[in-house]
*Asks:* 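Submitted below is the structure of interest, expressed as structure tokens.
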Amino acid sequence: MLELSFIRENPDVVVERLSVKNFDAAALVQQIIALDAKRRETQKTLDDTLSQSNQIAKEIGKLYKIGKTDEANALKEKTALLKQQSKNCGDDLAQIEIDLQNLLVLLPNMPHSSVPKGKAAEDNEVVRQEGKIPDLSADAIPHWDLATKYKIVDFELGVKITGAGFPVYRGKGARLQRALINFFLTEGVKAGYEEIQPPLMVNEASGYGTGQLPDKEGQMYHATIDNLYLIPTAEVPVTNIYRDLIVKATDFPIKNVAYSNCFRREAGSYGKDVRGLNRLHQFDKVEIVQIQHPDKSYETLEQMVEHVAGLLRKLELPFRILRLCGGDMSFTSALTYDFEVFSAAQKKWLEVSSVSNFETFQANRMKLRFKDDDGKMKFAHTLNGSALALPRVVAALLENNQTPQGILIPDALKPFTGFDIID
RNA sequence: GGAGAGAUGGGUGAGUGGCUUAAACCAACAGUUUGCUAAACUGUCGUACUCGUAAGGGUACCGGGGGUUCGAAUCCCCCUCUCUCCGCCA
């Protein structure tokens, strides 16, 4: 959510910036400013009315004490009107605030000045590409067939137990999962992140805090009896640690790393893009989250990008980094870098990480603040990124490292798997 | 799931209708004193909205929501959560 005071003072900037996201905010911004003026006017009236009532109530108290009951009773009659007025005014104000809030949540976050214009994925800017794309023979096997061949991921079994998109990992497949999780967490801890093991279910308030609710409700599994949601990412419980908090400026940067299962309904998706491990209802991901001072958040974003790049380098996977264009960015982000690994048998780039700076957009919604050096209360900046999501990393590892003897494990991972080859 | 007790500022905790402008203590911050540290003393010490160039005002907030009253932290109703005991349970 954008800050109201900023919109009020810089309406043109908001409209101009949001045009990069192909969002025409002119009319909305105007409505918000008009409604805000009305809110303040109503607030003033209400405060004045209540102030009068308070004055009279005090006087009545004094009169009773010195025994002037008649005068007190006379004053009481005067308060009836004030009471009715403040009731009406309070109701109006409450409605205005709801309306205002409903308008404010319609505005996406403003993209950073470095965000390229563009409509869709093909307009994203390739920042850089690293690693050698393996030259596989024409009969290279896609990961879903490798998974069956080596009996490491059983998709049909998952269908039997649960349904499509819930694969069963077994043998060295299961051990590879555990190794990757451990590797990613270990690297995160080495980089100074505090490890968190969050709940996998969250309440409504947390869903609102990070913006999954109300608009993306259909993306989450909902346990209706207890009104809890299965998390789509550890970002939700971890970022909500800091909901309604006033942190100390000296605590910055706050760094958390968390592994979790992630659950996504992925309503309406189908086709070859979702084959095998490419898209699942349940998957594993290690997430990094940082809370940072506004002056330092972009420096932090670069560090997080470098952290993710380091992971992919150690896994010896070819990858590229994209700066998302305005049209492809999420509603909440100010700047997002996507990481894609090359999956050599599918001959496709697969997204494995998305690293974003949300600036104050989430903090405003969550009321995450800190006291700055000038003594003023300000919203902190929040950032997060996947480091990393497992399924597509596994897909690329299987495809890229396939040999006639079996699938080779990269050196950095061997201490975690305890084996060198899947055969 | 059953029975009972609770929820007050960063923390402990007083407060049963107007004397509360939420006491007191602790923590924190600033200053004074002092070789340093410590201690002592003095002062500051919530958040949001709003009026004002400012100084400084106003309003709301004692878990959340409603109600009674001229006036509510205090009385009433609903909800949420926590604790204790019982039941169930890895």
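Chain A is the first sequence line, chain B the second, and so forth, proteins listed ahead of strands; every chain is numbered from 1. Atom set for the values below is all heavy atoms of this structure, side chains included, hydrogens, waters and symmetry mates excluded.
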*Asks:* Answer yes or no: does atom CD of Gln30(A) have more than 12 heavy-atom neighbours from other residues, nucleotides or ligands under 6.0 Å?
*Replies:* no
*Asks:* Which nucleotide, in any strand shown, forms a Watson-Crick or G-U wobble pair with rU53(B), with both distances under 3.5 Å?
*Replies:* none
*Asks:* Can you list, by residue number, the residues of residues 33-52 of chain A that have a non-hydrogen atom closer than 4.0 angstrom to RNA chain B?
*Replies:* Arg39(A), Arg40(A), Gln43(A), Lys44(A), Asp47(A), Leu50(A), Ser51(A)
*Asks:* For Lys285(A), which residues count as a salt bridge (charged side-chain N to carboxylate O under 4.0 Å, His left out) partner, sequence neighbours excluded?
*Replies:* Glu287(A)
*Asks:* Please name the residue in the list Asp123(A), Thr336(A), Asn22(A) that meets the side chain to side chain contact (heavy atoms under 4.5 Å, CB included) test with Cys325(A).
*Replies:* Asp123(A)
*Asks:* Which atom pairs, donor and acceptor, lie under 3.5 Å between side-chain atoms of residues 191-198 of chain A and protein residues at least two apart or in another chain?
*Replies:*
from, atom 1, to, atom 2, distance (Å)
Tyr193(A), OH, Gln290(A), NE2, 3.0
Glu194(A), OE1, Asn256(A), ND2, 3.4

*Asks:* Check whether any side-chain heavy atom of Val202(A) lies under 4.5 Å from a side-chain heavy atom of Asn240(A), and answer yes or no.
*Replies:* no
*Asks:* Provide the Watson-Crick or G-U wobble partner of rU21(B), both distances under 3.5 Å; none if there is no partner.
*Replies:* none
*Asks:* Please list, chain by chain and in numerical order, all residues satisfying salt bridge (charged side-chain N to carboxylate O under 4.0 Å, His left out) with Asp411(A), sequence neighbours excluded.
*Replies:* Lys414(A)
*Asks:* Throw together a table of side-chain donor-acceptor distances under 3.5 angstrom for residues 150-177 of chain A, partners on residues two or more places apart or in other chains.
*Replies:*
from, atom 1, to, atom 2, distance (Å)
Asp154(A), OD1, Glu156(A), N, 3.2
Asp154(A), OD1, Leu157(A), N, 2.9
Lys172(A), NZ, Ile421(A), O, 2.9
Gln177(A), NE2, Asp284(A), OD2, 3.0

*Asks:* What contact category does Asn54(A) fall into here, base, sugar-phosphate, or nothing, at under 4.0 angstrom with non-hydrogen atoms?
*Replies:* sugar-phosphate
*Asks:* What verdict does the side chain to side chain contact (heavy atoms under 4.5 Å, CB included) test give for Met366(A) and Leu245(A), after you've listed the backbone C-alpha separation in whole Å, the side-chain angles of each residue and the deciding distance to 0.1 Å?
*Replies:* CA-CA 8 Å; Met366(A) 287 199 300; Leu245(A) 236 50; over 6 Å; no
*Asks:* Considering only the P atoms, how many Å lie between rU82(B) and rG46(B), rounded to the nearest integer?
*Replies:* 30 Å
*Asks:* Which one is paired to rU68(B), where only Watson-Crick or G-U wobble pairs with both distances under 3.5 angstrom count?
*Replies:* none
*Asks:* Name the pairing partner of rA14(B), where a pair is Watson-Crick or G-U wobble with both distances under 3.5 Å, or state none.
*Replies:* none
*Asks:* Near RNA chain B, under 4.0 Å by heavy atom, which residues of residues 78-99 of chain A?
*Replies:* Thr79(A), Lys83(A)
*Asks:* So which protein N/O to nucleotides 45-47 of chain B N/O distances come out below 3.5 Å?
*Replies:*
from, atom 1, to, atom 2, distance (Å)
rU47(B), OP1, Lys371(A), NZ, 3.4
rU47(B), O3', Arg369(A), NH1, 3.0

*Asks:* Going by ring pair (Phe, Tyr, Trp, His ring centres under 6.0 Å), name the pairs with one or both residues in residues 63-88 of chain A, residues two or more places apart or in two chains.
*Replies:* none
*Asks:* Any strand is fair game: report the nucleotide pairing with rC36(B) by Watson-Crick or G-U wobble, both distances under 3.5 Å, or none.
*Replies:* none
*Asks:* Between side-chain atoms of residues 384-399 of chain A and protein atoms elsewhere (two or more places apart, or another chain), which donor-acceptor pairs fall under 3.5 Å?
*Replies:*
from, atom 1, to, atom 2, distance (Å)
Asn384(A), ND2, Glu235(A), OE1, 3.3
Asn384(A), ND2, Glu235(A), OE2, 3.3
Ser386(A), OG, Ser354(A), N, 3.2
Arg392(A), NE, Asn278(A), O, 2.7
Arg392(A), NH1, Glu351(A), O, 2.8
Arg392(A), NH2, Asn278(A), O, 2.8
Glu399(A), OE1, Ser343(A), OG, 2.8
Glu399(A), OE1, Ala345(A), N, 2.9
Glu399(A), OE1, Gln346(A), N, 2.9
Glu399(A), OE2, His143(A), N, 2.9
Glu399(A), OE2, His143(A), ND1, 2.9
Glu399(A), OE2, Gln346(A), NE2, 3.3

*Asks:* Quick one, give me the B/S/- string for nucleotides 73-79 of chain B, reading 5' to 3', where B means a protein heavy atom under 4.0 Å from the base and S means that only happens at the primed atoms, P, OP1 or OP2.
*Replies:* -------
*Asks:* rC29(B) pairs with which nucleotide, Watson-Crick or G-U wobble, both distances below 3.5 Å?
*Replies:* rG43(B)
*Asks:* Would you say the side-chain atoms of Arg17(A) pair up with the backbone N or O of Pro111(A), donor to acceptor, closer than 3.5 Å?
*Replies:* yes
*Asks:* Among Glu359(A), Gln303(A), Gln292(A), find the residue that satisfies the side-chain hydrogen bond (donor to acceptor under 3.5 Å, both in side chains) test when tested with Tyr298(A).
*Replies:* Glu359(A)
*Asks:* Suppose we screen for salt bridge (charged side-chain N to carboxylate O under 4.0 Å, His left out). Which residues come up paired with Lys62(A), at least two apart in sequence or across chains?
*Replies:* none
*Asks:* Report the base-pairing partner of rU80(B) (Watson-Crick or G-U wobble, both distances below 3.5 angstrom), or none.
*Replies:* rA7(B)
*Asks:* In chain order, what residues pass the ring-ring contact (aromatic ring centres under 6.0 Å, His included) check against Phe183(A), with sequence neighbours excluded?
*Replies:* Phe416(A)
*Asks:* Which base, if any, makes a Watson-Crick or G-U wobble pair with rC62(B), both distances under 3.5 Å?
*Replies:* none
*Asks:* If I pick the C1' atom on rU53(B) and the same atom on rA30(B), what distance separates them, to the nearest angstrom?
*Replies:* 28 Å
